[in-house]
Amino acid sequence: MNEAAIRDLLAADLSVLEEGMELVKIEQYIPKSLGTRNFLDILAKDKAGQWVIIEVKKTNAAARQAAHEVFKYVDAIQRHFGVRKDEIRAIVASVEWTELLVPFSMLRNETSIAVEGVQLLPDIFGKSLGIRPIEPVQVDQGRYLAPWHELNLYNDEASLKRGIASYDHCCKVKGIDDYVLLVLKAADDFNEKASFALNLALQQIAENFGDGAPEEIPIQFRQFDRFEYILYFAPQILSREFCLAVLAQHPETFEEVQAYTEDMDTEAELCTLHENLYDLDPCPHRDHFEIGYASKLSQKLLIDEEWTIERVERRGTFARNTLLSDEAIIEELKGATGSSRQSFKRSVSLSNRAHIASAKEGLTEALLTNPAWLAQIKRVLDEASAAWPDGSARINLFGPSSGIFTLYYIATEGSDSHQPQYEVAVFDADEQLVSTYFGLLVPEGQPIALQPLLDKYYKGRIGDLMFLASAGFFETRDADVMDDLGLAYRTFRVDNPEGAAKYFALKDDRWRPLSLTVPWQPLQPYFDENSSLINEIVSAIGSRMHAGFHDMS
């Protein structure tokens with residue numbers, strides 16, 4: 001089918017794009033004086049009465065021009081028909097998207113009008129069209145490490161060197177050019193502690209689930225492999241199209257992946273595509289393998305197990321960027337850009353609109369399950385930009401979104417390491433600290449009991465709650481769970497923090513003066529007043545946590 005035939009087939013039934021969409025005209029004439037070629041492919045209107053510009057392409061060569069044409073048509077339609085931008089939509093419809101995806105994504109990023117992309121799927125007889133929505137790639141972010149990592153353990157330095165060489169070979173074969181390899185060294189007593197904990201966990205499991213009496217063998221007699229190094233791998237995020245193109249070279253895997261990603265959302269699909277691409281032959285050499293993710297690196301490896309970072313191996317764009325520090329790469333691997341869905345760190349110039357916009361994008365990703373803090377921090381940045389336009393701000397956010405586990409870890413570890421909190425420190429043009437905004441989890445309302453909470457979110461079963469352990473304790477319904485636990489995410493402000501400090505609380509969309517003592521620990525009364533609930537949570541979860549093993553039965 002040629003391009004005109006595909007256009008006419010689509011025009012004959014615009015409902016494949018959207019219910020209620022009506023054809024206005026095929027080949028709508030646009031005067032040349034408006035800077036376009038004479039006709040646009042399809043002009044339609046949707047059920048809300050908006051103009052819809054539809055640009056149809058078939059081949060890659062033609063597709064490259066589509067985004068440029070849409071820019072011109074929007075302007076032309078505005079002037080020719082006298083309409084506002086909010087009354088226009090655009091749809092780029094193409095059979096081929098290999099060459100079109102990046103310019104389409106740039107168009108989406110650069111224009112304020114609503115632009116959608118669809119892949120046209122004509123049947124073999126040329127009688128009907130199917131469509132697949134196109135998700136834009138993140139072309140505006142430059143460097144962006146994929147949040148799905150590989151964690152490889154090695155017995156000794158020789159095995160580590162072999163692992164590094166094998167990663168370079170595997171990535172070359174798969175066409176992955178830009179990636180980092182983080183080399184970590186075990187603490188002196190890591191293997192002894194790990195062996196002890198694993199033996200203890202196995203004994204506890206045997207006692208809980210064994211048919212008879214637990215095996216009475218001293219745990220120091222059970223020997224496990226020793227690991228001296230970790231090689232932690234993360235590439236620059238790969239596009240959906242790139243992953244599919246590589247996977248298509250392995251037809252059996254490709255068909256399987258297509259089948260089980262069919263109903264996934266965009267992010268889940270991209271995660272699955274990355275993981276399947278990693279798993280393709282050839283695979284790198286390793287003595288042991290685990291899935292890696294930002295919170296595992298930042299908390300479990302670097303803090304709990306005390307691994308130390310020896311060096312960062314850079315490849316491709318990461319090697320070429322000489323202004324990029326190892327520390328910045330490590331922070332990104334730990335989720336500082338927001339990709340971990342729990343942390344974000346950034347210093348911004350308040351006069352730099354790109355800095356502010358980029359920070360808001362990262363915060364949107366980090367606070368996916370916390371709309372309260374997201375709205376509050378965006379307000380804080382706007383307020384600070386207006387008050388100190390020549391100043392700067394340092395943002396530091398930790399929001400683990402772990403629901404009930406937040407209370408469990410605060411109660412059992414007795415520290416702030418699992419407590420959601422943020423700080424935005426604002427400095428004037430002379431780099432003097434002038435104001436500090438901070439967010440805390442505070443009591444608000446009466447909590448429900450544990451069993452009703454389990455009934456509402458986890459089918460009444462503690463085992464279902466424990467499944468969160470396999471997802472880094474990330475609870476997508478965190479805001480709702482916290483609300484039922486009688487807790488809320490709130491924001492506070494300290495003016496002149498290094499002098500005669502004045503305190504304020506953000507309530508009902510305005511700042512109200514606040515009297516408090518320093519240090520201020522708003523959660524302590526909550527734990528005191530709800531000690532029976534806290535004890536019940538600690539008992540229920542603690543009985544299923546065995547030195548890294550999580551009982552989900």
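Scope of the values below: all heavy atoms of this structure, side chains included, with no hydrogens, waters or symmetry mates. The first residue of the sequence shown is numbered 1, and numbering continues consecutively from there.
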Closest heavy-atom pair, F227 versus H288, reported as atoms and distance to 0.1 Å, is CZ-CB, 3.5 Å

Please lay out, stage by stage, how N496 and K502 fare under the test side-chain contact (heavy atoms from CB on, under 4.5 Å). CA-CA 7 Å; N496 193 21; K502 294 182 179 180; over 6 Å; no

Applying side-chain contact (heavy atoms from CB on, under 4.5 Å), run through E157 and Y229 and close with a yes or a no. CA-CA 7 Å; E157 189 171 2; Y229 292 95; 3.9 Å; yes

For G316, is there any backbone N or O sitting under 3.5 Å from a side-chain donor or acceptor partner on D177? no

Chi angles and distances behind the side-chain contact (heavy atoms from CB on, under 4.5 Å) call for L151, L297: CA-CA 9 Å; L151 194 166; L297 173 64; over 6 Å; no

Which atom pair, heavy atoms only, marks the closest approach of A393 to L350? CB-CD2, 4.0 Å

Test your reading of the model: is there a side-chain donor-acceptor pair from Q421 to the backbone of Q419, 3.5 Å cut-off? yes

Answer whether the closest heavy-atom distance between the side chains of Y526 and Q521 falls below 4.5 Å. no

Could you pull out the closest heavy-atom pair between L145 and I329, with the gap in Å? CD1-O, 4.2 Å

Does Y278 reach the side chain of I291, with side-chain heavy atoms less than 4.5 Å apart? no

pair I176-L277: side-chain heavy atoms closer than 4.5 Å: yes

Just checking D528: does its CG atom have more than 12 heavy atoms from other residues, nucleotides or ligands closer to it than 6.0 angstrom? yes

Of all heavy-atom pairs linking S435 and D495, the shortest is OG-OD1, 3.2 Å

First locate atom CZ of R477, then atom NZ of K456, and finally report the distance between them rounded to the nearest 0.5 Å. 10.5 Å

So do Y457 and E475 actually touch side chain to side chain, heavy atoms under 4.5 Å? no

Could you pull out all donor-acceptor pairs under 3.5 Å where a side-chain atom in residues 352-359 meets a protein atom, sequence neighbours excluded?
{"residue": "N352", "atom": "OD1", "partner": "A354", "partner atom": "N", "Å": "2.9"}
{"residue": "N352", "atom": "OD1", "partner": "H355", "partner atom": "N", "Å": "3.1"}
{"residue": "H355", "atom": "ND1", "partner": "S349", "partner atom": "N", "Å": "3.0"}
{"residue": "S358", "atom": "OG", "partner": "R346", "partner atom": "NH1", "Å": "3.2"}

Among residues two or more places apart or on two chains, list those pairs meeting salt bridge (Lys or Arg N to Asp or Glu O under 4.0 Å) that have a residue in residues 396-407. none

Determine, using ring centers only, whether Y179 and Y167 are less than 6.0 Å apart. no

In chain order, what residues pass the salt bridge (Lys or Arg N to Asp or Glu O under 4.0 Å) check against D480, with sequence neighbours excluded? none

The test is side-chain contact (heavy atoms from CB on, under 4.5 Å); show your working for R286 and L231 and say whether it passes. CA-CA 9 Å; R286 72 256 296 197; L231 190 61; over 6 Å; no

Once rounded to the nearest 0.5 Å, what's the spacing between atom OG1 of T406 and atom CE of M482? 3.5 Å

Residues K345 and E332 bridged, charged N to O under 4.0 Å: no

Among L333, L324, V183, I330, find the one that has a side chain to side chain contact (heavy atoms under 4.5 Å, CB included) with V312. I330

Is the closest side-chain heavy-atom distance between W307 and F190 below 4.5 Å? yes

Heavy-atom donor-acceptor pair, N535 side chain to S531 backbone, under 3.5 Å: yes

Starting at CD of E305, measure out to CD1 of I230 and round the result to the nearest 0.5 Å. 7.0 Å

Of the non-hydrogen atoms in A372 and Y489, which two are nearest, and what is the gap between them? CB-O, 4.1 Å

Look up atom CZ in F233 and atom CH2 in W148, then write down how far apart they are to the nearest 0.5 Å. 12.5 Å

Can you run down the salt bridge (Lys or Arg N to Asp or Glu O under 4.0 Å) pairs that involve residues 379-400, sequence neighbours left out, and say none if there aren't any? K360-D382, R379-E383, R379-D509, E383-R493, R394-E423

Please check if the side chain of S343 supplies one atom and the backbone of G335 the other of a donor-acceptor pair under 3.5 Å. yes

Is any side-chain heavy atom of F344 less than 4.5 Å from a side-chain heavy atom of L367? no

Going by an N to O cut-off under 4.0 Å, is there a salt bridge joining R314 and D326? yes

Looking at residues at least two apart in the chain, or sitting in another chain, which of them share a side-chain hydrogen bond (donor to acceptor under 3.5 Å, both in side chains) with E306? none

Counting only N and O atoms by type, is there a donor-acceptor contact under 3.5 Å from the side chain of N152 to the main-chain atoms of F289? no

Closest approach of P497 and V434, non-hydrogen atoms and distance? CD-O, 3.5 Å

Are I309 and L302 packed together at the side-chain level, in the sense that at least one heavy-atom pair is separated by less than 4.5 angstrom? yes

Any side-chain to backbone donor/acceptor pair from D428 onto D430? Under 3.5 Å, distance only. yes

What pairs with E290 under salt bridge (Lys or Arg N to Asp or Glu O under 4.0 Å), at least two apart in sequence or on another chain? K296

OH-CD1 distance between Y437 and I395, expressed to the nearest 0.5 angstrom: 12.0 Å

Is the distance between the ring centroids of W97 and F104 under 6.0 Å? yes

Check: R490 and K507 side chains under 4.5 Å, non-hydrogen atoms: no

Distance, nearest 0.5 Å, that separates CG of L487 from CG of L440: 11.5 Å

Measure from the side-chain N and O atoms of T412 to the backbone N and O of Y408, and report whether any donor-acceptor pair falls under 3.5 Å. yes

